[in-house]
Each structure stands twice: as structure tokens, then as C-alpha cells.
Amino acid sequence: QVQLVESGGGLVQAGGSLRLSCAASGRTFSMYTVGWFRQAPGKEREFVAADIRSGGGTFYADSVKGRFTISRDNAKNTVYLQMSSLKPEDTATYYCAIGRFDEASSSPSRFIYWGQGTQVTVSS
């Protein structure tokens, strides 16, 4: 069993930045592909970014490409999401998740462990 705990959310003005963190406990973090998703009220959960295990690279949703950066520190069992140039439409609850796969997949069903989420609110 792996537990994921997100932190770093908050209220920020449009154009600002935030860095989300997701700390994992349990098994070796490097064994997993890690991802970030978000869900706004009344909307479905959507993929944001992922870092594929074993140096498989990173990929992003088109809506955040060039503004968000995912990174991980396997020694600290932590994944980060650096968010810049934030927009009001980025307002959502952000979730980190991990899965055991090696390809670029944005499907939530591929991720087997999820955190509880952290709220990000971007004011205009």
C-alpha cells in the first residue's frame, strides 16, 4: 500500500506561481510513473502532467504545456508540479497519482494510488 499526500495549494492571483508537492510513503517511489490530475467543480477529472518511470520522460496536457513542469525526487519519494502563469481556469483540486506502466498514458484508470487532493484557486 502506498499513501500519497499533496501540499502546496492555495489562493494566487492570475499570472502567479505555485509549487505543489506530493509525498509518498510505502514502496520505492522510483518504481512508479507519477502523474498530476485536476478536477474543477462540475467537471470531470482531467490529466495535467506525468513523469514516466525509469527515465521515460514527461508529458503534459496541451492546456498546461509551457506553463507547468513536473519533476520528481526519488530519494525523497516526492513529486512536484511547478505551476507558472496561472489562469483562473486552472482553478481546481489537484491530485497526484502513481501507476506501474511505461508509456505515455493520461488515463486515470492506469494510476492505482491517489492522494486526497489540494485546492488551487486562481483569482482574476
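Computed from a prediction, not measured in an experiment: that's the story for all the values here.
A continuous path of ILVMFWY side-chain contacts below 4.5 Å connects V12 to V48, so both sit in one hydrophobic cluster. I70 and V2 fall within a single hydrophobic cluster, where Ile, Leu, Val, Met, Phe, Trp and Tyr side chains are chained together by heavy-atom contacts under 4.5 Å. In the hydrophobic clustering of this structure, V34 does not group with F59; members are Ile, Leu, Val, Met, Phe, Trp, Tyr whose side-chain heavy atoms approach within less than 4.5 Å, directly or through other members.
For Q119, the CD atom sits in a packed shell: over 12 heavy atoms of surrounding residues, nucleotides or ligands are nearer than 6.0 Å. Residue E89 places its CD atom among more than 12 non-hydrogen atoms of other residues, nucleotides or ligands, all under 6.0 Å distant. Around CD of E44, the count of heavy atoms belonging to other residues, nucleotides or ligands within 6.0 Å does not exceed 12.
Closest approach of R53 to M31, counting heavy atoms only: NH1-O, 2.7 Å. Closest approach of Q39 to A92, counting heavy atoms only: O-CB, 3.5 Å. The minimum heavy-atom distance linking T118 with G9 is given by the pair OG1-N, 3.2 Å. Across all non-hydrogen atoms, the minimal contact from P88 to S124 is CG-CB, 3.8 Å. Closest non-hydrogen pair, G117 versus T93, comes out as CA-CG2, 3.9 Å. V79 and S71 make their closest contact through CG2-O, 3.1 Å (heavy atoms, listed as atom of the first residue, atom of the second, distance).
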#### Entry: Derivation and outcome, side-chain contact (heavy atoms from CB on, under 4.5 Å), residues R19 and S17
CA-CA 7 Å; R19 188 176 81 156; S17 299; over 6 Å; no
### Task
Carefully, step by step, assess Q13 and V122 under the rule side-chain contact (heavy atoms from CB on, under 4.5 Å).
CA-CA 5 Å; Q13 288 188 333; V122 184; over 6 Å; no
### Query
D73 and Y80: side-chain contact (heavy atoms from CB on, under 4.5 Å), yes or no, with the steps?
CA-CA 8 Å; D73 185 334; Y80 304 97; 4.1 Å; yes
### Message
Walk me through whether E103 and I52 qualify under side-chain contact (heavy atoms from CB on, under 4.5 Å).
### Response
CA-CA 7 Å; E103 62 276 7; I52 303 170; 5.9 Å; no
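Checking F37, Y95, F47 one by one against F111, the ring pair (Phe, Tyr, Trp, His ring centres under 6.0 Å) holds for a single residue, F37.
Here the OG1 atom belonging to T69 is positioned 8.0 Å from the CG atom belonging to L81, to the nearest 0.5 angstrom. In this structure, OH in Y94 is found 4.0 Å from CZ in R38, a value given to the nearest 0.5 Å. Here the CG atom belonging to L20 is positioned 9.5 Å from the SG atom belonging to C96, to the nearest 0.5 angstrom. Rounding to the nearest 0.5 angstrom, the gap separating the OG atom in S30 from the CG atom in N77 is 8.0 Å. Rounding to the nearest 0.5 angstrom, the gap separating the CZ atom in R67 from the OH atom in Y60 is 12.5 Å.
A distance-only check finds a donor-acceptor pair linking the side chain of E6 to the backbone of Q116 [under 3.5 Å]. Here the side chain of S109 pairs no donor or acceptor atom with the backbone of S107 at under 3.5 angstrom. R72 places a side-chain N or O within donor-acceptor distance of the main-chain N or O of D51, the cut-off being under 3.5 Å. T91 places no side-chain N or O within donor-acceptor distance of the main-chain N or O of T121, the cut-off being under 3.5 Å. Between the side chain of R100 and the main chain of Y32, no donor-acceptor pair closer than 3.5 Å is present. Listed for the T58 side chain is no donor-acceptor partner under 3.5 Å among the backbone atoms of A50.
Residues passing the ring pair (Phe, Tyr, Trp, His ring centres under 6.0 Å) test with F68: none are found, sequence neighbours excluded.
Looking at heavy atoms from C-beta onward, P108 lies out of side-chain contact with R110 at the 4.5 angstrom threshold.
Ion pair K87/D90 not flagged as a salt bridge, since none of the NZ, NE, NH1 or NH2 atoms sits closer than 4.0 Å to an Asp/Glu carboxylate oxygen.
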